[in-house]
Structure formats: structure tokens, C-alpha cells
Amino acid sequence: MHDISKPKVAVWKFASCDGCQLSLLDCEDELLAVAGAIEIANFPEASRRIVKGPYDVSLVEGSITTPHDAERIHKIRRASKLLVTIGACATAGGIQALRNFANVKEFIPIVYAHPEYIKTLGKSTAIGDHIFVDFELRGCPINKYHLVELVSALLNGRKPNIPTYSVCMECKRRGTPCVMVASGTVCLGPVTQAGCGALCPSYNRGCYGCFGPKETPNPDSLADWWETRMKVTKPETVRAFRGFNAYAEPFRKVSELHEK
Ligand code: SF4
Ligand code: SF4
């Protein structure tokens, strides 16, 4: 039965791997603390129960890749008071946006035995390219503690306290030696939003940008620094920026510039 006293939270899936929804399921202990305060109204990965809208909060995972989804997202927006996109697919088009740099019509007959059944758009795009988004939660997948902070902030009518600074700040904070300085490893940390606790540099690997561009990044400067000081080639620079957030504007622009 629908409990009218509790805010209704709905979870929606578009083109994605479900990893961010799994992060949500992985929050069980933390969410139990807020579970009494909300009603999960739509979350197909967790339950078959569907409560009709309107919804107080919609969490949207995945990118827009089909004409049907391009229509569906508008219906969800109309049914939602607040709408938050979660993960690299929803906030930047995801790894599937790599096709945006090529002609998708060339791939379809190679991948599918019956290409005539495939209805797809030429590009994979972020939810924010189609509708107004109230907040974006970054990561591939998202950090489950960010999600708990987000839900708690929304329930209390305050701004979520999510970092917008770079992964380098997290590296310094945990005392991890810089992999670019120490071993000349390409690292996107200076332009990537914090949130993972500088996981990859702590294993002596460069960051590949799964949390997307930080606030006011300067990827042009980073790319020039790689190429002039670390002798990184232009194709290597392009590949470094073409990961999970390849179609996020700051990463896209710099990769297109160095492709020429
Ligand atoms: S390892 Fe990467 S994230 Fe860490 S300080 Fe160096 S450049 Fe920044
Ligand atoms: S260091 Fe970079 S690639 Fe690695 S988990 Fe963190 S944001 Fe993602």
C-alpha cells in the first residue's frame, strides 16, 4: 500500500550496465537508516512493486540512445519533482558515447545479425542534454556514500555535500605519491572530480577519469604538459580522454583538438 506520509523515490534505467543501481543495492546498511523515511516507488532491479507517480525524487541511470528513450525521459521528468542523474552514462553519455566519434550505422551490421530490427540514435547522450536535471552524481560507478549523502540531503531540503575538487586533492590527503611525478604515468587526476579516494594512484596507476571532469578543469593545459614534458603522443592523449566520460564537454573538446 502507498504511504502518503513518505517521499516517493523512483529509480529509472536507460542505456547502462546497471552498476550504479547495484551501488544503490549495495547501500543496504546505510539506506536502512533512511529507509523508514522514504518509499521506494519504482526500482525494477530490486522489486516488481510499482507505485504510480508523481514522484518526489527520481534517480536516473543510463544514457539516451534510442528514439523511445528520448521520449520516455520527458515523461519521467514530468512525473518527478526532483530528478538526479547517477553515473557516467547518465551524466556524460557513458562508454557507449565512444560511438559518437564514429558513424554508428557502420557498426550495426557488424554487431547484429538482423540490423533491420535495431532502432538507435546516432549518438549516446547525457540525460541533461534532453531535460532539466536538478543534480548530477558522478562516477563509474557512483560512490555509494555520495548516494546516501544525496538522499539524506534531499530528504532534509539541503544541498548535497559532494566534492567538486580534483582527485589530486584526495591523493595528497592520503599521502599517495604522484604517479605522474614519480613514474611519468599519464593520469587524469588533475582534471577529474574527486569521489573515489584516489583509488587508482594508490595502486600506482594513473586515474582514467571515471568521475568525469571536476569543476572548472583545465584539460588543455594537462594535455600540453603530457605532450611537451612526458613525450606523450597526440593519439595517446586522445585515448586517455576517451574513456567513460569521453563525451563530457571538457574531455570531448580536448580529445577532438588533439585528434587533428
Ligand atoms: S597521481 Fe594523479 S591524481 Fe594523484 S596527485 Fe598525481 S596527478 Fe594527481
Ligand atoms: S582514480 Fe580516477 S579512474 Fe580510478 S577510481 Fe578514481 S576517478 Fe576512477
Side-chain angles (χ1 to χ4, degrees), residues 16-24 26-27 61-63 84-98 126 135-150 160-233 236-252 254-255 258:
S16 60
C17 74
D18 285 27
C20 291
Q21 290 187 75
L22 288 176
S23 297
L24 184 54
D26 194 30
C27 287
E61 176 197 81
S63 67
V84 176
T85 50
I86 59 171
C89 301
T91 58
I95 195 74
Q96 58 274 31
L98 287 177
F135 196 82
E136 289 187 336
L137 211 52
R138 303 282 191 73
C140 186
I142 52 167
N143 174 328
K144 67 174 188 174
Y145 297 107
H146 286 180
L147 191 61
V148 173
E149 159 62 11
L150 172 84
N161 186 13
I162 308 286
T164 54
Y165 47 78
S166 74
V167 176
C168 292
M169 293 278 285
E170 296 187 303
C171 248
K172 298 298 158 226
R173 201 181 288 143
R174 64 184 288 164
T176 300
C178 175
V179 298
M180 280 213 292
V181 174
S183 54
T185 302
V186 165
C187 182
L188 284 176
V191 293
T192 299
Q193 182 170 301
C196 65
L199 190 60
C200 298
S202 76
Y203 287 94
N204 207 23
R205 291 191 50 181
C207 166
Y208 49 91
C210 74
F211 271 73
K214 75 178 206 46
E215 200 171 65
T216 61
N218 193 345
D220 293 332
S221 168
L222 182 65
D224 288 343
W225 204 87
W226 289 345
E227 290 174 10
T228 53
R229 310 237 191 147
M230 288 165 50
K231 305 300 172 213
V232 170
T233 63
E236 285 168 339
T237 297
V238 172
R239 269 202 302 278
F241 281 100
R242 294 219 173 139
F244 301 102
N245 287 285
Y247 221 61
E249 192 173 309
F251 289 5
R252 174 178 63 78
V254 75
S255 77
H258 287 250

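Remember, predicted model here, so these are calculated numbers, not experimental data. Atoms within a ligand are numbered from 1 in the order they appear, just like the ligands themselves. Heavy-atom basis, side chains included; hydrogens, waters and symmetry copies ignored.
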Result block: side-chain N/O donor-acceptor pairs under 3.5 angstrom for residues 168-187, not counting sequence neighbours:
unit_1	atom_1	unit_2	atom_2	d
Glu170	OE1	Gly195	N	3.1
Glu170	OE1	Gly197	N	3.1
Glu170	OE1	Ala198	N	3.4
Glu170	OE2	Gly195	N	3.3
Glu170	OE2	Gly197	N	3.2
Arg173	NH1	Tyr165	OH	3.4
Arg173	NH2	Tyr165	OH	3.0
Arg174	NE	Thr176	OG1	3.3
Arg174	NH1	Gly197	O	2.6
Ser183	OG	Val179	O	2.9
Ser183	OG	Thr185	OG1	3.1

- What is the minimum heavy-atom distance between Ala97 and Ala92, and which atoms define it? CB-O, 4.3 Å
- Query: Closest heavy-atom contact between Gly62 and Cys89?
  - Reply: CA-CB, 3.6 Å
- To the nearest 0.5 Å, what is the distance between CZ (Arg242) and OG1 (Thr237)? 11.5 Å
- Message: Applying salt bridge (Lys or Arg N to Asp or Glu O under 4.0 Å), can you list everything that pairs with Glu227, at least two apart in sequence or on another chain?
- Response: Lys234
- Measure the distance from atom 4 (Fe) of ligand 2 to every protein heavy atom, then report the residue, atom name and distance (to 0.1 Å) of the closest one. Cys200 SG, 2.3 Å
- Query: Under 2.8 Å from atom 8 (Fe) of ligand 1, which protein atoms of type N, O or S occur, listed by chain and number?
  - Reply: Cys168 SG
- Task: Report the nearest protein non-hydrogen atom to atom 3 (S) of ligand 2: residue, atom name, distance rounded to 0.1 Å.
- Result: Tyr208 N, 3.2 Å
- Check ligand 2 against Gly209 and write out every atom of the ligand that is under 4.0 Å from a heavy-atom position of the residue. 2 (Fe), 3 (S)
- Item | Atoms of ligand 2 close to Phe211 [distance to a heavy atom under 4.0 angstrom, numbered from 1] | 7 (S)
- Message: Between Cys196 and atom 6 (Fe) of ligand 2, is there a contact where an N/O/S atom of the residue lies under 2.8 Å from the metal?
- Response: yes
- Note on the structure: Those residues at least two apart in sequence (or on a different chain) that pass ring pair (Phe, Tyr, Trp, His ring centres under 6.0 Å) with Tyr208 are Phe244
- Message: Applying side-chain contact (heavy atoms from CB on, under 4.5 Å) to Phe211 and His146, what does each step give before you reach the verdict?
- Response: CA-CA 12 Å; Phe211 271 73; His146 286 180; 4.1 Å; yes
- At what distance is the nearest protein heavy atom to atom 8 (Fe) of ligand 2, and which residue and atom is it? Cys210 SG, 2.2 Å
- Heavy-atom distance under 4.5 Å between the side chains of Asp224 and His258, does that happen here? yes
- Does the side chain of Lys214 come within less than 4.5 Å of Pro163's, by heavy atoms? no
